[in-house]
Asks: 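Mind having a look at this structure? Questions to follow.
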Amino acid sequence: MTDASIRVRFAPSPTGYLHVGGARTALFNWLFARRHGGVFVLRIEDTDVERSSEEMVSGILDGLRWLGIDWDEGPEVGGPHGPYFQSKRLERYRAAAERLVGEEHAYYCYCNPDELKAKREAAEGGEGWRYDRTCLALTPEEVAAREGARLPRAIRVRVPEGATSFTDLVRGEITIDHAHMEDFVILRSDGHPTYHLSVVVDDIDMRITHVVRGEDHISNTPKQVLLYNALDHPLPAFAHVPLILGPDKRRLSKRHGATSVTEYQRQGYLPEAMVNFLALLGWSPGDDRELFTRDELVAAFGLEGISGGNAVFNPDKLEWFNNQHIMRMATDELAGRLEPLVREAGLWHDDLRDTQRAWWLSLVDLLKPRLKRLPDVVEQARPFLSDVLAYDEAAVHKYLTPQMAGPLAELAATLAATTPFDAATLEPVIRGFAEARALKAATLIHATRVAVTGKAASPGMFDTLALLGRERSVARVRRGAAMAAASVPRQT
RNA sequence: GCCGGUAUCGUCUAGGGGUUAGGACACGUGGUUCUCAGCCACGGAACCGGGGUUCGAAUCCCCGUACCGGUACCA
């Protein structure tokens with residue numbers, strides 16, 4: 001088949017928000033489609049009416065959009081093989097199920113679900129029990145009686161003797177003996193299809209060529225293969241990707257902390273970083289590259305690179321990716337993403353958009369390598385954006401000592417006279433100033449830092465002063481001098 | 001229980017019949033330096049166990065073990 005004919009899909013069930021596992025599956029499908037110039041379909045599997053909801057659908061769409069995973073067919077964009085909500089395709093499933101009954105690949109089952117459940121539980125340990133085919137053995141009279149009594153009926157597949165094999169692109173050939181497969185329900189008595197039916201009917205209708213999904217579906221695949229065969233339709237290619245686990249190697253769940261993409265968005269992760277990180281969870285380009293742009297991922301992606309084992313979600317590495325992507329992002333773009341956060345913190349003023357724009361960009365540049373997450377900008381930019389300094393008590397005590405009062409006061413005067421007020425000019429001036437007073441430059445700089453930022457850590461002092469400007473620098477150093485003079489020497 | 005899958009540093013992984021088993025995160029130590037971050041260098045750290053095949057197994061095969069998944073009128 002040609003590349004352009006490749007069609008893949010992501011088919012989430014809207015019973016929760018988009019979690020990282022689903023996002024990773026969506027990403028693999030999307031990367032595969034984009035790599036081959038194929039089509040990426042988004043389909044909502046909302047046949048479980050009890051657990052599905054509209055809000056969840058929009059949450060999932062938002063999550064995908066945030067990650068930059070766009071779909072060629074699906075909700076909101078439509079497409080030639082819609083509708084893309086399973087709840088709107090019920091007739092398709094019913095027709096398929098009835099067809100299978102007509103062709104004797106399936107049969108009606110009038111068994112009461114509660115009774116079946118009881119039988120199941122009554123069986124040895126409740127495990128391994130298979131449907132006893134009560135309804136397959138029904139005589140025409142018995143069937144007529146049940147129909148006459150208007151008993152609700154489900155449709156079950158008549159699983160033949162034998163075994164089913166299929167080739168998984170990640171794991172090779174997989175075979176399962178039908179002895180371990182019961183006559184599974186494909187249409188519930190309420191007329192809704194079960195997953196096995198709807199997924200197969202839709203994948204056929206939507207011309208899906210490659211089914212790329214989580215490993216949790218691997219055991220279900222033989223059932224679906226049976227359905228493809230019964231429906232007389234060729235199989236798509238299957239690729240089952242490993243699952244994402246928590247640090248305890250258990251399947252990632254809420255108790256491991258944040259599991260929804262929205263949560264990571266909220267915490268200040270870049271979608272670029274999330275995508276990069278997720279792509280490398282269970283997939284490898286085959287070489288030593290780690291940092292990828294979206295386009296580079298598209299160019300490098302292939303199903304062959306998917307590994308077999310499950311992968312533990314490592315938040316430390318995600319954070320590293322985030323910092324790396326922040327550093328690589330164009331300053332003006334980063335500034336744009338930072339703005340809402342700064343605004344929210346009450347530190348924004350509109351001059352930063354026009355007259356002060358260059359200054360704001362310089363600040364962002366300075367902070368770039370220091371941001372692990374976007375919100376880190378608030379505390380780090382605060383000394384630059386506000387004149388209300390929150391002095392770190394320990395830092396004040398350590399560096400704004402009485403003996404620094406004099407030097408700081410003099411430094412303020414020196415700064416007031418330094419021109420131009422830029423880092424290159426300030427550095428020799430300040431170092432010379434310290435030397436002239438037999439002070440270690442470091443000592444003076446530390447004191448100046450606390451005076452000017454209130455903290456023990458900040459960007460380089462000369463850059464900091466330059467960015468602050470002469471006026472604010474002088475005022476803050478003066479104030480620092482006063483604080484130093486007023487501080488009580490450590491008693492020992 | 002039964003069925004299926006997986007197994008390389010703590011974690012993500014590359015590799016794969018003969019390699020000093022490579023990279024990344026994290027960690028540790030240095031360096032750059034005014035602090036922090038970043039950056040650079042260095043370091044510790046792995047082929048689940050047992051059999052077999054082979055001149056040679058971490059790699060191929062079998063068994064075991066562990067873990068994950070499935071075993072529904074959930075998806």
Side-chain angles (χ1 to χ4, degrees), chain A residues 11-15 45-48 50-52 86 109 111-113 116-117 120 124-131 152 154-156 168 170-171 174-177 179-182 184-190 192-196 198-199 214-222 240 242-243 245 247 249-251 277 280-291 307-321 323-324 327 367-372 376 380 395 399 427 430-431 434 440-450 453 455-462 464:
Chain A
S13 176
T15 53
E45 306 214 328
D46 55 353
T47 52
D48 186 351
E50 307 263 309
R51 300 196 299 156
S52 300
Q86 292 194 326
C109 174
C111 292
N112 180 305
L116 286 178
K117 201 176 170 190
R120 207 176 286 278
E124 190 81 34
E127 308 283 358
W129 186 84
R130 291 188 295 141
Y131 177 60
I155 292 179
R156 287 182 185 271
D168 184 276
V170 176
R171 292 148 220 282
I174 291 172
T175 303
I176 186 172
D177 196 291
H180 307 292
M181 203 189 293
E182 70 175 353
F184 54 101
V185 171
I186 53 174
L187 197 73
R188 300 177 174 104
S189 48
D190 66 0
H192 281 81
T194 61
Y195 172 68
H196 300 299
S198 58
V199 76
E215 190 199 69
D216 47 340
H217 288 290
I218 207 163
S219 304
N220 294 325
T221 307
H240 288 93
L243 302 179
L245 312 177
K249 309 258 185 135
R250 301 266 159 199
R251 192 172 178 171
F277 171 69
L280 259 23
L281 258 194
W283 172 78
S284 161
D287 54 38
D288 286 341
R289 287 179 294 167
E290 296 273 348
L291 284 164
S307 50
N310 293 338
V312 173
F313 187 93
N314 180 353
D316 282 339
K317 192 148 186 180
L318 206 212
E319 190 161 82
W320 176 77
F321 274 116
N323 177 247
Q324 293 294 319
M327 286 193 291
L367 263 22
K368 253 186 187 178
R370 298 173 169 81
L371 304 178
K372 301 287 193 195
D376 292 347
Q380 300 202 36
Y399 296 114
E427 175 152 9
I430 290 175
R431 289 191 188 283
K440 281 177 69 179
T443 307
L444 179 66
I445 289 169
H446 290 318
T448 307
R449 168 172 290 108
V450 178
T453 68
K455 306 184 210 188
S458 80
M461 206 57 244
F462 309 117
T464 296

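Chain identifiers are assigned alphabetically (A, B, ...) following the order of the sequence lines, protein sequences preceding nucleic acid strands; residue numbering begins at 1 within each chain. The figures here come from the full heavy-atom set of this structure, side chains too, leaving out hydrogens, waters and symmetry mates.
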Asks: Does rC73(B) have OP1 or OP2 under 4.0 Å away from a side-chain N or O of Arg156(A)?
Replies: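 Arg156(A) to rC73(B) OP1/OP2: side-chain N or O found under 4.0 Å.
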Asks: Any side-chain N or O of Arg289(A) less than 4.0 Å from the OP1 or OP2 oxygen of rA24(B)?
Replies: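 Result: no.
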Asks: Counting primed atoms plus P, OP1 and OP2 as sugar-phosphate and everything else as base, spell out the protein contacts along nucleotides 41-46 of chain B at 4.0 Å heavy-atom distance: B, S or - for each nucleotide, 5' to 3'.
Replies: ------
Asks: Report the base-pairing partner of rA21(B) (Watson-Crick or G-U wobble, both distances below 3.5 angstrom), or none.
Replies: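 Pairing partner: none.
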Asks: Which part of the nucleic acid, if any, lies within reach of Gly460(A) when heavy atoms closer than 4.0 Å are counted: base, sugar-phosphate only, or nothing?
Replies: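 Contact class for Gly460(A): base.
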Asks: Could you say whether Val170(A) or Glu427(A) is positioned toward the 5' end of RNA chain B, judged by the nucleotide with the nearest heavy atom to each?
Replies: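 Result: Val170(A).
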Asks: Under 4.0 Å, counting only non-hydrogen atoms across every strand here, what does Glu182(A) touch: a base, just sugar-phosphate, or nothing?
Replies: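 Glu182(A): backbone/sugar contact only, no base atoms under 4.0 Å.
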Asks: Now, which nucleotide makes the Watson-Crick or G-U wobble pair with rA58(B), with each of the two distances under 3.5 Å?
Replies: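 Base partner found: none.
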Asks: For the backbone of Thr194(A) and the side chain of Arg188(A), can you confirm whether one donor and one acceptor N or O come within less than 3.5 Å of each other?
Replies: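 Not a single qualifying donor-acceptor pair exists.
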Asks: Rounded off to whole Å, could you give me the CD1-to-P distance for the Ile445(A) and rU35(B) pair?
Replies: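 Whole-Å distance recorded here is 8 Å.
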Asks: Please give the distance between the P atoms of rG10(B) and rG51(B) as a whole number of Å.
Replies: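 It works out to 24 Å between them.
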Asks: Rounded to the Å, how far apart are Phe184(A) CZ and rU71(B) C1'?
Replies: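 Spelled out: CZ on Phe184(A) to C1' on rU71(B) is 13 Å.
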Asks: His217(A) near the nucleic acid: base, sugar-phosphate alone, or nothing, with a heavy-atom cut-off under 4.0 Å?
Replies: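 Base: the residue His217(A), judged by heavy atoms under 4.0 Å, touches a nucleobase.
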Asks: How long is the line joining CD of Glu215(A) and P of rG4(B), in whole Å?
Replies: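 In whole Å, rG4(B) P and Glu215(A) CD are 14 Å from each other.
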Asks: Give the minimum heavy-atom separation between Leu444(A) and Ala434(A), together with the two atoms involved.
Replies: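 Closest approach of Leu444(A) to Ala434(A): CD2-CB, 4.0 Å.
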Asks: Where the side chain of Val185(A) is concerned, which of rA75(B), rC73(B), rA26(B) is the nearest nucleotide?
Replies: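 Nucleotide nearest to Val185(A)'s side chain: rC73(B).
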Asks: Could you identify the nucleotide paired to rU32(B), looking across every strand shown and requiring Watson-Crick or G-U wobble geometry with both distances under 3.5 Å?
Replies: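 rU32(B) is paired, partner rG38(B).
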Asks: Measure CG/Leu318(A) against P/rC25(B) and give the value in whole Å, please.
Replies: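 Distance, rounded to whole Å: 14 Å.
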Asks: Classify Pro14(A) by what it touches in the nucleic acid, base, sugar-phosphate, or nothing, heavy-atom distance under 4.0 Å.
Replies: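 Counting heavy atoms under 4.0 Å across all strands, no contact is made by Pro14(A).
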Asks: What's the gap between rC47(B) and rA72(B) when it is taken at their C1' atoms, as a whole Å value?
Replies: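 Between the two C1' atoms, the distance is 40 Å.
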Asks: So, OP1 or OP2 of rA75(B): does either fall under 4.0 Å of a side-chain N or O from Arg188(A)?
Replies: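 Answer is yes, contact under 4.0 Å.
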Asks: Using the P atom as the reference point in each nucleotide, state the distance between rC39(B) and rA24(B) in Å, no decimals.
Replies: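 Between the two P atoms, the distance is 12 Å.
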Asks: Counting only side-chain heavy atoms from C-beta out, which of rG69(B), rG38(B), rC68(B) sits nearest to Leu245(A)?
Replies: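 Of the candidates, rC68(B) comes closest.
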Asks: Answer yes or no: is there a donor N or O on one side and an acceptor on the other, between the side chain of Asn310(A) and the main chain of Pro242(A), under 3.5 Å?
Replies: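 No; zero donor-acceptor contacts below 3.5 Å.
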Asks: Need one value for Arg130(A): base, sugar-phosphate or nothing, where a base atom within 4.0 Å counts as base even if backbone is also close, heavy atoms only.
Replies: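 Since no nucleic acid heavy atom lies under 4.0 Å of Arg130(A), the category is nothing.
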Asks: Which heavy-atom pair separates Arg251(A) from Asp216(A) by the least distance, and what is that distance?
Replies: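 Smallest interatomic distance, heavy atoms only, reads NH2-OD2, 3.1 Å.
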Asks: Name the pairing partner of rG44(B), where a pair is Watson-Crick or G-U wobble with both distances under 3.5 Å, or state none.
Replies: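 Base-paired to nothing in any strand shown.
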Asks: Contact class for Lys372(A) vs. all strands (heavy atom < 4.0 Å): base, sugar-phosphate, or nothing?
Replies: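 Sugar-phosphate, backbone atoms only, no base.
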Asks: Using a 4.5 Å cut-off on heavy atoms from C-beta on, say whether the side chain of His240(A) contacts that of Thr221(A).
Replies: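 Yes, at least one pair of side-chain atoms sits under 4.5 Å.
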Asks: rA7(B) and rG64(B): how far apart are their C1' atoms, nearest whole angstrom?
Replies: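 Going atom to atom, C1' in each nucleotide, I get 13 Å.
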Asks: Between the protein and nucleotides 60-65 of chain B, which nitrogen or oxygen pairs come in under 3.5 angstrom?
Replies:
none

Asks: Quick one: is Lys117(A) getting a side-chain N or O under 4.0 Å of the rC73(B) phosphate, OP1 or OP2?
Replies: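 It does not, given that no N or O in the side chain of Lys117(A) lies less than 4.0 Å from OP1 or OP2 of rC73(B).
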Asks: Asn220(A) has an atom CG; how far is it from atom C1' of rC73(B), in whole Å?
Replies: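 Computing the Asn220(A):CG to rC73(B):C1' distance gives 15 Å.
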Asks: In terms of side-chain heavy atoms of Arg251(A), which of rA75(B), rU35(B), rG69(B) is nearest?
Replies: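 Output: rG69(B).
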Asks: Side chain of Arg171(A) only, heavy atoms from C-beta on: which candidate in rA75(B), rU6(B), rC25(B) is closest?
Replies: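 Minimum distance to the Arg171(A) side chain belongs to rU6(B).
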Asks: As a test of reading the structure: which of rC34(B), rC73(B), rG23(B) is closest to the side chain of Asp288(A), going by heavy atoms?
Replies: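 When the side chain of Asp288(A) is considered, rG23(B) is the closest of rC34(B), rC73(B), rG23(B).
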Asks: Has Gln324(A) got a side-chain N or O lying under 4.0 Å from the OP1 or OP2 atom of rC39(B)?
Replies: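 True: Gln324(A) side-chain N/O within range (under 4.0 Å) of rC39(B) OP1/OP2.
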Asks: If the test is side chain to side chain contact (heavy atoms under 4.5 Å, CB included), which one of Asn323(A), Leu367(A), Leu371(A) qualifies with Asp376(A)?
Replies: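 That would be Leu371(A).
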Asks: If the C1' atom of rC3(B) is compared with that of rG18(B), how far apart are they to the nearest Å?
Replies: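 Result for the C1' pair: 39 Å, nearest Å.
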Asks: Give the rounded distance in Å between these two atoms: CD of Gln86(A) and P of rC74(B).
Replies: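 Rounding to the nearest Å, CD of Gln86(A) and P of rC74(B) are 13 Å apart.
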Asks: Kindly say if Arg431(A) contacts the phosphate of rC34(B), meaning a side-chain N or O under 4.0 Å from OP1 or OP2.
Replies: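 The answer is yes; a side-chain N or O of Arg431(A) sits under 4.0 Å from OP1 or OP2.
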Asks: So which heavy atom on Thr464(A) is nearest to which on Pro459(A), and how close?
Replies: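 Scanning both residues, the minimum pair turns out to be OG1-O, 3.1 Å.
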Asks: Would you measure the distance from the P atom in rC36(B) across to the matching atom in rG30(B) and give it in whole Å?
Replies: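 Between the two P atoms, the distance is 13 Å.
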Asks: Please give, in whole Å, the distance from rC73(B) P to Asp190(A) CG?
Replies: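 About 13 Å, once rounded to whole Å.
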Asks: Looking at Tyr399(A), does the NZ or CZ of Arg449(A) lie under 6.0 angstrom from its six-membered ring centre and within 45 degrees of the ring axis?
Replies: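 No cation-pi geometry.
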Asks: Look through every strand shown and name the nucleotide pairing with rG69(B) as Watson-Crick or G-U wobble, where both distances are under 3.5 Å.
Replies: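 rG69(B) is paired, partner rC3(B).
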Asks: How would you label the contact of Thr15(A) with the nucleic acid (heavy atoms, under 4.0 Å): base, sugar-phosphate, or nothing?
Replies: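 No contact.
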Asks: Reading RNA chain B from 5' onward, which residue's closest nucleotide shows up sooner: His180(A) or Ala154(A)?
Replies: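 Looking at the nearest nucleotide for each, His180(A) comes out on the 5' side.
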Asks: Which is true for Ala442(A) with a 4.0 Å heavy-atom rule: it touches a base, it touches only sugar-phosphate, or it touches nothing?
Replies: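 Result for Ala442(A) = sugar-phosphate.
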Asks: What interatomic distance, in whole Å, is found between C1' of rG50(B) and the corresponding atom of rA66(B)?
Replies: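 Those two atoms are separated by 15 Å.
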Asks: Check whether the side chain of Ser219(A) and the base of rC3(B) form a donor-acceptor pair under 3.5 Å.
Replies: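 When only heavy-atom distances are counted, Ser219(A) does not reach the base of rC3(B) through any donor-acceptor pair under 3.5 Å.
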Asks: Is the distance between the ring centroids of Tyr131(A) and Phe184(A) less than 6.0 Å?
Replies: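 They do not qualify: ring centres at least 6.0 Å apart.
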Asks: Please report the distance, rounded to the nearest Å, between CD1 in Ile155(A) and C1' in rA72(B).
Replies: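 These atoms are roughly 17 Å apart.
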Asks: Return the pairing partner of rC9(B) with a 3.5 Å limit on both distances, Watson-Crick or G-U wobble; otherwise return none.
Replies: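 In the structure as shown, rC9(B) has no Watson-Crick or wobble partner.
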Asks: Within the side chain of Ser198(A), is there an N or O that forms a donor-acceptor pair under 3.5 Å with the backbone of Pro193(A)?
Replies: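 Between the backbone of Pro193(A) and the side chain of Ser198(A) there is no qualifying donor-acceptor contact (under 3.5 Å).
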Asks: What about Arg370(A), does its side chain sit under 3.5 Å from the base of rC36(B) through a donor-acceptor pair?
Replies: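 Result: at least one qualifying N/O pair found.
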Asks: Please state the P separation for the pair rA75(B) and rU6(B) - nearest whole angstrom.
Replies: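 So the two P atoms sit 27 Å from each other.
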Asks: Can you give one letter per nucleotide of nucleotides 8-13 of chain B, 5' to 3': B if a protein heavy atom sits under 4.0 Å from the base, S if only from the sugar-phosphate, - if neither?
Replies: ---BBS
Asks: Measure from the side chain of Thr194(A), starting at C-beta and using heavy atoms only, and say which of rG4(B), rA75(B), rA37(B) lies closest.
Replies: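 Selected nucleotide (nearest to the side chain): rA75(B).
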Asks: Just call it for Met181(A): base, sugar-phosphate, or nothing, with non-hydrogen atoms closer than 4.0 Å on any strand.
Replies: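 Counting heavy atoms under 4.0 Å across all strands, no contact is made by Met181(A).
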Asks: To check you understand the geometry: which heavy-atom pair defines the closest contact between Glu182(A) and Trp129(A), and what is its length?
Replies: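 In terms of heavy atoms, the two residues are closest at OE1-O, 4.1 Å.
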